[in-house]
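Numbers restart at 1 for each chain; the letters A, B, ... are given by sequence-line order, proteins then strands.
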There are 2 protein chains.
Amino acid sequence: MGASKSDSFSIEQNEMAGLFKALSHPARIAIVDYLLTVDTCICGDIVEVLPLAQPTVSQHLKELKNANIIKGTIEGTAICYCINPDTIDKIENHFGMIRHKLKNKCC
Amino acid sequence: MGASKSDSFSIEQNEMAGLFKALSHPARIAIVDYLLTVDTCICGDIVEVLPLAQPTVSQHLKELKNANIIKGTIEGTAICYCINPDTIDKIENHFGMIRHKLKNKCC
DNA sequence: TTTGTTTATCGTAATATTGCAATATAATAA
DNA sequence: TTATTATATTGCAATATTACGATAAACAAA
């Protein structure tokens with residue numbers, strides 16, 4: 001085998017796992033970090049900030065986009081990326097749920 | 001290549017990516033979910049709840065343990081697992097930081 | 001001691017991810 | 001039209017992950 005048995009788990013479990021997978025690579029964390037350091041949605045220069053080749057960065061951006069963690073809007077020749085706050089909300093809510101259920105635990 | 005260039009990123013970026021990677025599989029999300037449904041740290045029966053064989057579950061538990069997301073304490077023949085609230089804190093703080101930096105953005 | 005119970009490790013096959021050179025695509029500028 | 005610029009896609013090699021049968025290790029009970 002080797003493929004994950006995603007059919008055996010709930011839609012929500014797969015959804016959360018998908019969000020975390022999108023964030024499970026340091027390059028993608030670095031992209032999110034970078035998008036947070038600039039005041040507006042940023043066009044392009046992400047490639048120059050990362051120690052990776054352009055196709056690799058493009059691939060990581062695609063994964064973040066597919067997971068709805070970032071949004072990209074076309075702006076002439078370039079594409080402007082910014083973080084999708086709705087997805088941040090979704091993850092925060094998940095941990096809010098965990099935090100809530102952790103009350104009255106032995107830990 | 002194929003190996004991730006973790007040396008090129010900051011310790012914190014690698015650390016966060018590692019935490020998310022530990023949560024990037026539905027089985028591991030399901031384990032965390034299950035640990036939250038029981039009142040106390042639970043011994044063993046995680047294998048019976050998941051649609052996976054015992055060695056596979058053991059492997060997933062190991063990854064969650066290595067990432068400090070769960071703690072396991074030996075209790076006779078069995079091992080009692082529970083969620084590590086410190087790590088939940090760390091992740092929540094990360095998103096708190098993201099949320100804070102997202103203020104005054106175009107998104 | 002032997003037996004049973006619980007969890008971990010080994011070995012390995014199937015599959016997925018990562019990274020990049022080469023190339024393609026899309027829009028603008030000359 | 002032909003450049004130029006910015007991003008995406010393809011193809012492939014290197015590596016990592018996932019899953020599980022077989023087996024091992026650790027401990028309790030008989």
Side-chain angles (χ1 to χ4, degrees), chain A residues 1-9 13-14 17-31 34-35 38 41-67 69-82, chain B residues 1-9 13-14 17-32 34-35 41-67 69-82:
Chain A
M1 313 260 162
S4 90
K5 301 174 74 171
S6 42
D7 289 354
S8 311
F9 301 98
Q13 286 167 342
N14 277 295
L19 287 178
F20 292 131
K21 178 179 272 182
L23 294 170
S24 73
H25 192 287
R28 295 195 287 270
I29 297 288
I31 289 172
Y34 180 63
L35 288 177
V38 289
C41 294
I42 206 68
C43 299
D45 40 341
I46 300 172
V47 172
E48 286 161 42
V49 183
L50 294 189
L52 297 169
Q54 179 269 326
T56 309
V57 174
S58 180
Q59 201 171 263
H60 284 305
L61 286 167
K62 188 182 182 182
E63 281 174 73
L64 287 170
K65 244 188 305 182
N66 285 344
I69 288 170
I70 65 175
K71 292 185 284 190
T73 54
I74 299 171
E75 190 92 8
T77 326
I79 293 187
C80 291
Y81 289 107
C82 62
Chain B
M1 311 257 164
S4 90
K5 300 174 77 171
S6 43
D7 289 354
S8 310
F9 300 98
Q13 286 167 341
N14 277 295
L19 288 178
F20 293 130
K21 178 179 270 181
L23 294 170
S24 73
H25 192 288
R28 297 196 286 272
I29 297 287
I31 289 173
V32 170
Y34 179 64
L35 288 177
C41 295
I42 205 68
C43 298
D45 41 341
I46 299 172
V47 172
E48 285 160 42
V49 182
L50 295 189
L52 297 170
Q54 180 269 326
T56 308
V57 174
S58 181
Q59 202 171 261
H60 284 306
L61 286 167
K62 189 182 181 183
E63 281 174 71
L64 287 170
K65 243 188 304 183
N66 286 345
I69 289 170
I70 65 174
K71 291 186 284 191
T73 55
I74 299 170
E75 191 92 7
T77 326
I79 293 188
C80 291
Y81 290 107
C82 62

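- The NZ atom of B:K62 sits 14 Å away from the C1' atom of D:dA25 (whole-angstrom rounding).
- In this structure, B:F9 places its CZ atom 11 Å from P of C:dT18, rounding to the nearest Å.
- In this structure, the side chain of B:R28 engages the main chain of B:A22 through a donor-acceptor pair within 3.5 Å.
- Nearer the 5' end of DNA chain D, as judged by each residue's closest nucleotide, is the contact made by B:E63, out of B:E63 and B:P55.
- Between A:K65 and A:T77, it is A:T77 whose nearest contact on DNA chain D lies nearer the 5' terminus.
- The interatomic distance linking A:L52 (CG) with C:dT18 (C1') rounds to 9 Å, in whole Å.
- For the pair B:N66 CG and D:dA16 P, the interatomic distance rounds to 16 Å; values are reported in whole Å.
- Counting all heavy atoms, side chain and backbone alike, A:I29 lies closest to A:L23 at CD1-O, 3.3 Å.
- Interatomic distance, SG of B:C80 versus CG of B:L35, reported as 10.5 Å (0.5 Å rounding).
- Note: NE2 (B:H60) to C1' (C:dT9) measures 16 Å, nearest angstrom.
- Among the nucleotides D:dT7, C:dA22, D:dT18, the one closest to any side-chain atom of B:H25 is D:dT18.
- Checking side-chain atoms of A:S24 against main-chain N and O of A:K21 turns up a donor-acceptor pair under 3.5 Å.
- Rounding to the nearest 0.5 angstrom, the gap separating the CD atom in B:Q59 from the NE2 atom in B:H25 is 9.5 Å.
- Atom pair A:K21:NZ and D:dT17:C1' shows a separation of 9 Å (rounding to whole Å applied).
- Two residues, A:A53 and A:I74, neighbour DNA chain C, and the one matched to the more 5' nucleotide by heavy-atom proximity is A:A53.
- Not a single donor-acceptor contact under 3.5 angstrom links the side-chain atoms of A:Q54 to the base of D:dA6.
- OP1 and OP2 of C:dG19 both lie 4.0 Å or more from every side-chain N or O belonging to A:T56.
- When heavy atoms are screened at a 4.0 angstrom cut-off, A:L61 is found touching no nucleic acid atom at all.
- Put simply, CD on B:Q59 is 10 Å from C1' on C:dT9, counting in whole angstrom units.
- Residue contacts shown for B:E75 are absent, as no nucleic acid heavy atom lies under 4.0 Å away.
- The side chain of B:R28 lies closest to D:dT18, out of D:dT18, C:dT7, C:dC20.
- Following rounding to the nearest Å, B:L64 (CG) and D:dT17 (C1') show an atom-to-atom distance of 14 Å.
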